Structures are given as C-alpha cells and as structure tokens.
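Please read the structure below before turning to the comments.
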Amino acid sequence: MSDDLQLMMSESGSESLDTFQDLGESDDCHDMSMDEHEHPRKRLKSKDDKLCGVCGDRALGYNFNAITCESCKAFFRRNALKKKKMKCLFRGNCIIDVRTRRFCPCCRLQKCLDIGMKENMILGEHEKRLRMAKVTENRMKREERGKVMIKEEPLDYDMQPMADSSNACSSSVMDSQSSNAPSPADLFEHIPESMMPTDPTSYRQLTPEEHELLEEITIAYRETVGSSLPKNDPKQDESHFNTVSSWVNNSEFAVRRLIKFVKKMADFCRINQEDQIASLKSSVVNTLLLRSVAFYIVERDSWMTPNGEISTKVLKTTTRHGDLYDSHIKYCRSLKSIVNNNTKLFALIQTLIIFNPDAQNIRARDEMSNVQDKYLILLKHYLEHEYSFEFAKNYFVAILGKIYEIKKISDNHAKVLLQVDPAEIEPIMLEILNLK
DNA sequence: ATAGCCTTGAGG
DNA sequence: CCTCAAGGCTAT
C-alpha cells in the first residue's frame with residue numbers, strides 16, 4: 001500500500017502537467033462527439049469543459065466557492081470542518097490529480113483551500129437542520145396535496161379517535177369529564193393498535209420551528225444518551241454488576257453521555273451556570289432510569305447491552321431491596337409499553353426531566369419552568385401531530401404521569417446510592433451524585 | 001472513506 | 001421553468 005502510494009506520488013510529481021492535459025483533451029473529444037450529434041451548432045461552448053481546480057477531473061460548477069468535481073466537493077464537505085488536522089506523510093506538497101487525489105487527504109484539503117474553497121460555506125449543524133426542516137415541511141405539504149386531490153370522498157367514520165372538526169370545543173370538554181373514558185394508565189398498559197395513527201389529514205401540523213426543535217433534541221439524544229454504551233472491555237459477565245458501587249461506576253459512561261446531550265441543547269446552554277449544574281445533578285438518576293427503560297426488553301425481562309443481555313434478576317440480587325426492584329421493573333414495563341422505541345418520545349421525556357423547575361438548588365425556577373413548558377407544548381403538539389387530538393390528550397397525560405413517577409422511583413434509588421462506600425466510586429460519579 | 005448520482009430550495 | 005449549489009444516500 002505504502003509502496004503504491006509512494007509510487008503514485010513520485011509518478012504524478014514528474015508528470016502532473018501531462019495528466020492534466022490528458023484529461024483536458026479527452027474531455028474535449030468527449031464533448032465534441034456529443035455536441036456534434038446533439039447540437040452541431042454550438043459545439044464549442046455548449047457543454048461544460050470545466051475542470052476541477054483541485055484534481056483536474058471534470059467539474060460541473062462551483063462548489064464551496066471554487067470549481068471542483070463532485071468527489072472533491074464531497075471530500076471538502078467531509079473534511080474541511082474536522083478539527084483534527086491531517087498530516088502529510090511526505091513533504092506537504094503532494095501533487096493532486098484524478099488518480100492520486102485519494103492518497104494524501106492533507107494535501108488535497110490544502111489544495112482545496114488554496115484554490116479558494118470556503119469552509120464557511122459548508123452548512124453547520126444548525127443550518128442543516130433548518131434546511132431539512134424546510135424539506136420535510138414541503139414534503140408534507142406535497143403529500144397533503146396528493147391526499148386531498150385523491151380524496152374528494154366523504155370522511156371515513158371508522159376511526160373513533162377522530163374528535164376533530166365539527167364540534168371540537170364541546171367534545172373536548174365533554175370527553176375530559178366523561179367517566180366512561182379509560183384511565184390513561186390502563187389505556188396505555190397495552191398499546192391499543194386500533195387507535196394508532198392512520199389517516200393523517202386532520203392531525204396537527206408542526207411548525208417549522210417545532211419540527212426543527214424536535215429534530216434537534218432527537219438527534220442529540222440519539223447521538224448521546226440514546227445510544228448504547230461502547231462495548232465494554234472484558235467479557236461482561238454478571239459479576240460486573242454484583243455490587244452497588246460497580247453499578248454506579250458502570251453508569252459513568254451514561255453520565256458522560258448525558259453531559260454531551262445537554263451541551264448540544266441550545267436551551268440548556270442559555271440557562272445560568274449554577275442552574276445548569278443543579279439540573280444536571282438532579283437529573284442523573286432519572287436519566288439512568290430512563291435509560292434502563294430504553295434498553296429494557298419486555299419479552300425477555302432483561303436489558304440489552306452491547307455485550308448481550310443482562311437479566312433484571314441481577315439488580316434484585318445486587319440491591320437486596322426487593323421492593324425497589326419490583327417498582328423499577330414495573331416501571332420499565334409500563335413506560336416501555338407506552339413509549340415503545342419511539343426515539344422522539346424518549347428525547348422529549350429526557351428533556352423534560354432535565355428542565356425540572358423543582359429540582360434541588362435551582363435559582364431561576366421561573367425561567368426553568370418556562371423552558372420546560374416549551375417542551376411540554378412540543379410534546380403535546382408532537383402527539384397531536386402523530387395521533388388524533390383525543391388520543392394525544394390521553395397519551396400526553398399518561399406520559400406526564402410517568403415522568404412524575406420516575407421522580408419517585410429515583411428518590412428511592414438515591415437512598416440506595418447513599419449506602420455505597422465513596423472510596424469505591426469514580427471521582428466523576430462522586431461529584432455528579434453529590435456523594436462527597 | 002470515497003465518489004457518483006439524486007433531491008431540493010433559492011434565485012433568475 | 002431552468003440553473004446553481006447545497007446536502008443526502010449508497011455501492012464500492
């Protein structure tokens with residue numbers, strides 16, 4: 001490989017111009033033959049005879065402020081924003097052409113910059129999300145039009161959760177009062193398939209801002225707390241979990257993920273630093289619990305880890321708190337059954353847990369509450385987007401109930417945590433759990 | 001990781 | 001409409 005690479009480097013170094021001209025000539029020939037057949041008149045100027053300023057390959061036009069080929073465009077997009085600086089294995093002056101361009105990313109990137117490609121023209125994470133929000137918004141409109149055009153038929157009445165149009169205001173009041181409505185807890189113990197989404201035409205549309213916000217936290221969640229932990233080093237037998245302190249230390253990765261998660265949220269960065277710490281600390285145990293739900297497998301009564309399953313029985317033998325175990329598993333089963341594997345819902349719940357106005361030591365409780373309200377509304381609107389308004393209302397209440405419940409359970413867990421010997425706990429976990 | 005091809009919003 | 005220039009997707 002390195003032989004080839006070196007060969008390529010020296011080869012191209014001695015005849016880079018030849019390569020460039022060869023490409024140019026073949027390009028011209030190609031164009032002429034095409035043009036003679038298609039447009040004999042304007043053969044000279046019609047098709048692009050543009051060449052990539054980086055490698056000399058055929059170019060379609062400007063990319064990031066310079067004329068480049070598709071591959072150099074993609075290359076620049078992938079690499080220009082990386083903060084890790086690549087280093088050239090040679091002298092930093094490798095010749096880049098269509099065949100050698102892959103061998104020295106460093107010099108290729110340098111040449112990109114030399115010919116004037118601008119890294120600030122690469123859309124940032126935020127701008128990309130805006131763009132995607134716009135795309136999906138338009139897509140939804142398109143599909144909406146399609147449905148409306150095809151529809152033109154009277155509404156179908158087979159779905160009872162459609163309490164929308166005609167008598168909306170009265171019906172919602174009546175429903176909330178009516179006694180025959182199943183209690184939310186019962187309603188969601190088992191997912192009522194019959195009430196799941198169909199017929200999207202009369203559901204709420206999220207605004208672009210809401211859509212973007214939801215995307216933001218969902219992506220952040222998926223990339224952090226929602227992802228599985230790195231494969232743990234040795235064989236992860238159950239002996240790794242036979243003490244409380246080993247459980248705690250095992251949670252360290254999850255806590256790091258939580259920190260990464262909050263740092264990705266613009267709303268979290270906006271609150272003052274003391275409250276950031278306070279809300280972070282008070283949401284750690286809840287977060288671990290929520291994680292345990294996310295990776296819980298109802299059918300097997302176990303948790304999925306990168307190294308395989310861990311039976312929930314291990315927790316019972318570890319803590320020797322049967323009641324704690326029971327309530328935890330019950331919680332896993334119930335929340336999992338209503339949320340399933342919906343990452344957006346997990347992300348929303350996670351967010352609501354973090355922006356908790358009555359957490360310990362919060363200074364600006366009003367402000368915290370305002371932020372939480374924002375996500376409460378987002379959750380509500382998301383549910384109304386996904387389901388009928390009536391169904392969403394019950395769903396909303398059920399989820400709020402579960403969020404309240406998670407706090408009680410985590411309080412119980414906190415008591416167990418106080419039993420551990422601080423000497424056995426990693427410093428970060430000591431700090432974050434206030435165990436010192 | 002690369003690179004070709006596709007989709008798309010903005011702007012003309 | 002049409003073109004330009006972004007990002008996305010995916011076979012290699």
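In what follows, chains carry the letters A, B, and so on, assigned in the order in which the sequence lines appear, proteins first and then strands, with residues in each chain numbered from 1. Computed from a prediction, not measured in an experiment: that's the story for all the values here.
At a threshold of 4.5 Å between non-hydrogen side-chain atoms, the residues A/Leu258 and A/Ser283 count as touching. Within the 4.5 Å cutoff, the side chain of A/Leu345 has heavy atoms near those of the A/Leu383 side chain.
Residue A/Arg108 places at least one side-chain N or O under 4.0 Å from the OP1 or OP2 atom of B/dA3. The side chain of A/Asn79 contributes an N or O atom lying less than 4.0 Å from OP1 or OP2 of B/dT2.
Along DNA chain B, the nucleotide nearest A/Arg131 and the nucleotide nearest A/Arg77 are compared for position; the residue whose nucleotide lies closer to the 5' end is A/Arg77. Checking A/Pro105 against A/Glu70, the closest nucleotide of DNA chain B that is more toward the 5' end is the one next to A/Pro105.
The base of C/dG7 lies close enough to the side chain of A/Lys73 for a donor and an acceptor atom to sit less than 3.5 Å apart.
For the pair A/Ile67 CD1 and C/dA6 P, the computed distance is 12 Å after rounding to whole Å. At whole-Å resolution of the value, CG in A/Leu109 and P in B/dT2 are 11 Å apart. Protein atom CG of A/Leu60 is 9 Å distant from nucleotide atom P of B/dC5, rounded to whole Å. Rounded to an integer number of Å, the gap from A/Leu123 CG to B/dT8 C1' is 13 Å. Note: CZ (A/Arg101) to P (B/dT2) measures 10 Å, nearest angstrom. For A/Asp57 and B/dA3, the CG to P distance is 9 Å, given to the nearest whole Å. Between A/Lys50 atom NZ and C/dC4 atom P there is a gap of 6 Å when expressed in whole angstrom units. The CZ atom of A/Phe64 sits 8 Å away from the C1' atom of C/dG7 (whole-angstrom rounding).
Side-chain atoms of A/Gln372 come within 3.5 Å of backbone N or O of A/Leu352 as a donor-acceptor pair. A donor-acceptor pair under 3.5 Å is absent between the side-chain atoms of A/Asp275 and the main chain of A/Ile362, judged by distance alone.
Between A/His385 and A/His211, the distance separating the two ring centers is not shorter than 6.0 angstrom.
Checking B/dT8, C/dA5, B/dA1 against every side-chain atom of A/Val135, the shortest atom distance belongs to B/dT8.
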